[in-house]
Colleague: 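Dropping a structure here in structure tokens format, bear with me for questions.
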Amino acid sequence: MSGWDGIDEFVAVAETGSFSRAAERLRVSSSHVSRSVARLEDRLQARLFYRTTRKVSLTESGRAFFDRCQRLAEQRDDAFLAVGALQGGRDSEVKGLLRMTCANAYGEQFVMPLINDLMERHPQLSIEVELTNRQLDLVQEGYDLAIRLGRLSESSLVATRLAPRVMHLCAAPAYLDRHGTPDGLPGLGSHQCLIGTSDHWLFDDNGQDWLFRPRGRWRCNGGFSVLDAALRGFGLCQLPDYYVRGPVAEGRLVSLLERHRPPNTAVWAVYPQKRHVPAKVHAAIRHLKEGLARRAEYR
């Protein structure tokens, strides 16, 4: 028995919140995932998940183990990427057309500066990027790589975690002065909410997913527009850290219900399964991972 047995299955269940979605991601059966996790729990002599007919959530031991396993899996992925880059050859061999896609706001602010830097380093590399909030079919539409945000559900793509993504519930001090501060999840229903691309907000309630359907008289599918409305005191918003980090640090927004932040969201690089992944894809993933890590260090 390998020390890695059950680790990939455990991490996949923790990240997707489901044995069936984990099985789809790993391209194995649900029974295989269930048996692997059960054997892992036997080896550890610890229960890693709470299981009900509707939900799967991490126990306290499971959360501690997941944090360490996720780092190990990332280090292993880095090792594979490093070997792939070596197999790809010299810098001049990172060449050809790299077609990729990413969400609009995140792509413009964070991904494109790094991709432009990558192109500058590799003169024989060409770039074609589709910035869209639609989830494109990479195989059918001929894309090499996609940057995805949040939880993944695809079953036919390889996924590499690039960076964490922390969701914040926020409001302006002026709004809280007028309407009060929610002291728990049940109190959210009495507040004006700024609705973005999602019709529901996800929270953590003692290890269980807690879904809230926001209501309000303001809706827009642009993150920066949601941020502007929040800063004007129109209501509560739930946005990723890269939108609200500055305003929270400056006191223009207040982060709320922090102990209920949803876990296990991330920024992912996903690409079609191939026997040999092109050097240009390896190079892009490695460059994005390193660049986003540097940004996290200086935030």
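If you read the sequence from its start, that first residue is 1, and numbering goes on from there.
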Colleague: Would you call Arg35 and Glu41 a salt bridge, using N to O less than 4.0 angstrom?
Modeller: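 No salt bridge links Arg35 with Glu41.
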Colleague: Could you go through the ring pair (Phe, Tyr, Trp, His ring centres under 6.0 Å) check for Tyr143 and Tyr271 one step at a time?
Modeller: CA-CA 8 Å; Tyr143 286 95; Tyr271 54 93; over 10 Å; no
Colleague: Just say parallel, tilted or perpendicular for the rings of Phe110 and Tyr242, cut-offs at 30° and 60°.
Modeller: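 Taking Tyr242 first and then Phe110, their aromatic rings stand perpendicular (interplane angle over 60°).
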Colleague: Whether the side chain of Arg47 engages the backbone of Phe49 through a donor-acceptor N/O pair (distance < 3.5 Å, no angle test) should be reported.
Modeller: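 Here the side-chain-to-backbone pair exists.
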Colleague: I'd like to know if the side chain of Gln208 and the backbone of Val56 have a donor-acceptor N/O pair within less than 3.5 Å.
Modeller: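 A pair under 3.5 Å: no.
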Colleague: Does Asp204 pair with Arg63 as a salt bridge, N-O distance under 4.0 Å?
Modeller: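 Here Asp204 pairs with Arg63 in a salt bridge, since their nearest N and O are under 4.0 Å apart.
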Colleague: Is Trp201 isolated, or which residues cluster with it under the ILVMFWY side-chain rule of less than 4.5 Å, directly or via members?
Modeller: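 Once heavy-atom contacts under 4.5 Å are chained together, Trp201 belongs with Leu169, Tyr175, Leu176, Leu185, Leu188, Phe203, Trp210, Phe212, Leu236, Val254, Leu256, Leu257.
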Colleague: Checking side-chain polar atoms at under 3.5 Å, does Thr16 have a donor or acceptor matched by the opposite partner on Ser18?
Modeller: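 There is no such pair (donor and acceptor under 3.5 Å, judged by atom type) between the side chains of Thr16 and Ser18.
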Colleague: Examine the side chains of Ser61 and Thr59 and answer whether a donor and an acceptor come within less than 3.5 Å of each other.
Modeller: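 Distance-only check fails for Ser61 and Thr59.
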Colleague: Test of understanding: with salt bridge (Lys or Arg N to Asp or Glu O under 4.0 Å), list the residues that count as partners of Glu130, not counting sequence neighbours.
Modeller: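 Expected list: none.
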Colleague: What's the spacing between Arg121 CZ and Asp117 CG if we round to 0.5 Å?
Modeller: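 It is 4.5 Å, given to the nearest 0.5 Å.
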Colleague: Answer yes or no: is there an ion pair linking Arg21 with Glu24, defined by an N-O contact shorter than 4.0 Å?
Modeller: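 The answer is no: the pair does not qualify as a salt bridge.
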